[in-house]
Amino acid sequence: MTNIYKKIITVFLLLSISLGQEKSHNLNFLIASNAYGLAYEYQRFVKNDFSIGADIRFYDIREDEYPVYDPFFNQYSVSGEKSILMFPMYLKLTYYPFQGKIANNFQPFLMLSFGPFLSVDGDEDAGSFSDKWSGAPNQVNFGGSIGFGVNLKTDQASGFSFGIGYDYLQVDEPIHDKEDFGGGFLYLQYRLGRE
């Protein structure tokens, strides 16, 4: 990734922390077309209908894995197992087009996230956890996501959201002969607190 992208992302992240009226901390549970993940999201409202923040995710890539039954040992094993982790670190913009127009706890929104992501390819043949990840090849690329969802507020400080989106996660150097790890995702968000 070039230095200009790093500088732009750094400026936006610093602005998101320093500006704004309200802030919230959220925990996201993600189910992607080829992965499972968790995310922490920090959000500051610049306006009543617009927020900017940081979206830090953890993806465990599970594509091309499937259980295989072994009748000799009478158990299942996983075929095609890969140890690939991805850590997107995004700037997130969220727009609430109907803010103040819907008089209940239902709040639709649109989101756009972009920034660098780290890919780590662990050694599947290693015996221990530390051997699998120590010295594992990694790379940093630029990615993003777009989506929409709905906030369901239970009170001012807490609430839930759910939504659907699309991730763009393309690596420059192929990992297990594959360059594109993006695709659709569903998420459930829990608001940890709002100030």
Side-chain angles (χ1 to χ4, degrees), residues 1 5-62 84-100 102 105-120 138 140-170 181-195:
M1 180 169 40
Y5 290 130
K6 291 178 184 175
K7 290 177 183 176
I8 290 171
I9 290 166
T10 303
V11 168
F12 276 119
L13 288 175
L14 290 175
L15 283 174
S16 74
I17 293 169
S18 63
L19 299 175
Q21 302 166 355
E22 298 178 359
K23 61 182 178 180
S24 68
H25 303 272
N26 309 314
L27 181 63
N28 297 343
F29 302 94
L30 303 152
I31 300 173
S33 57
N34 59 1
Y36 300 100
L38 287 171
Y40 167 77
E41 180 182 310
Y42 175 78
Q43 200 175 13
R44 280 195 86 113
F45 285 82
V46 179
K47 297 182 182 178
N48 285 339
D49 63 349
F50 184 74
S51 71
I52 185 170
D55 183 8
I56 302 168
R57 302 181 190 178
F58 163 79
Y59 277 134
D60 183 12
I61 304 297
R62 291 289 168 204
I84 303 171
L85 301 177
M86 293 195 172
F87 301 94
M89 295 162 274
Y90 289 157
L91 169 72
K92 184 172 185 178
L93 309 173
T94 308
Y95 174 60
Y96 300 86
F98 304 110
Q99 180 69 22
I102 300 175
N105 295 338
F106 183 79
Q107 194 177 41
F109 62 88
L110 302 170
M111 64 177 180
L112 173 67
S113 302
F114 57 92
F117 69 94
L118 171 68
S119 305
V120 182
N138 60 69
V140 176
N141 295 286
F142 193 78
S145 65
I146 188 167
F148 63 92
V150 174
N151 279 345
L152 302 173
K153 296 190 286 186
T154 55
D155 58 42
Q156 187 65 17
S158 64
F160 290 94
S161 299
F162 61 91
I164 187 169
Y166 181 83
D167 272 324
Y168 175 80
L169 297 169
Q170 187 146 0
F181 292 91
F185 67 89
L186 300 170
Y187 71 93
L188 174 65
Q189 178 184 89
Y190 175 69
R191 187 177 300 125
L192 300 172
R194 188 169 185 168
E195 302 169 16

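Remark: the backbone N or O of Ala39 is not paired with any side-chain donor or acceptor of Asp55 at under 3.5 angstrom.
Minimum heavy-atom separation, Pro88 to Leu169: CG-CD2, 4.3 Å. Across Pro108 and Pro97, no two heavy atoms sit closer than the pair O-CD, 3.7 Å. The two residues Ser33 and Gly182 come nearest to each other via the heavy atoms OG-O, 4.1 Å.
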(request) Please assess Phe109 against Phe148 for the test ring-ring contact (aromatic ring centres under 6.0 Å, His included), listing each intermediate value before the final yes or no. (result) CA-CA 6 Å; Phe109 62 88; Phe148 63 92; 8.7 Å; no
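A ring-centre distance under 6.0 Å is not found for Phe185 and Tyr59. Residues Phe45 and Phe50 keep their aromatic ring centres 6.0 Å or farther apart. Ring centroids of Tyr90 and Phe114 are separated by 6.0 Å or more, keeping the two rings apart.
Residue Tyr36 qualifies as open at atom OH: its count of foreign heavy atoms under 6.0 Å is 12 or below. In Leu118, the CG atom is crowded: over 12 heavy atoms of neighbouring residues, nucleotides or ligands sit closer than 6.0 Å. No more than 12 heavy atoms of other residues, nucleotides or ligands sit less than 6.0 Å from atom CZ of Phe98.
Met89 CE to Arg57 CZ: the interatomic distance, rounded to the nearest 0.5 Å, is 12.0 Å.
The shortest side-chain heavy-atom distance between Leu38 and Phe29 falls under the 4.5 Å cut-off.
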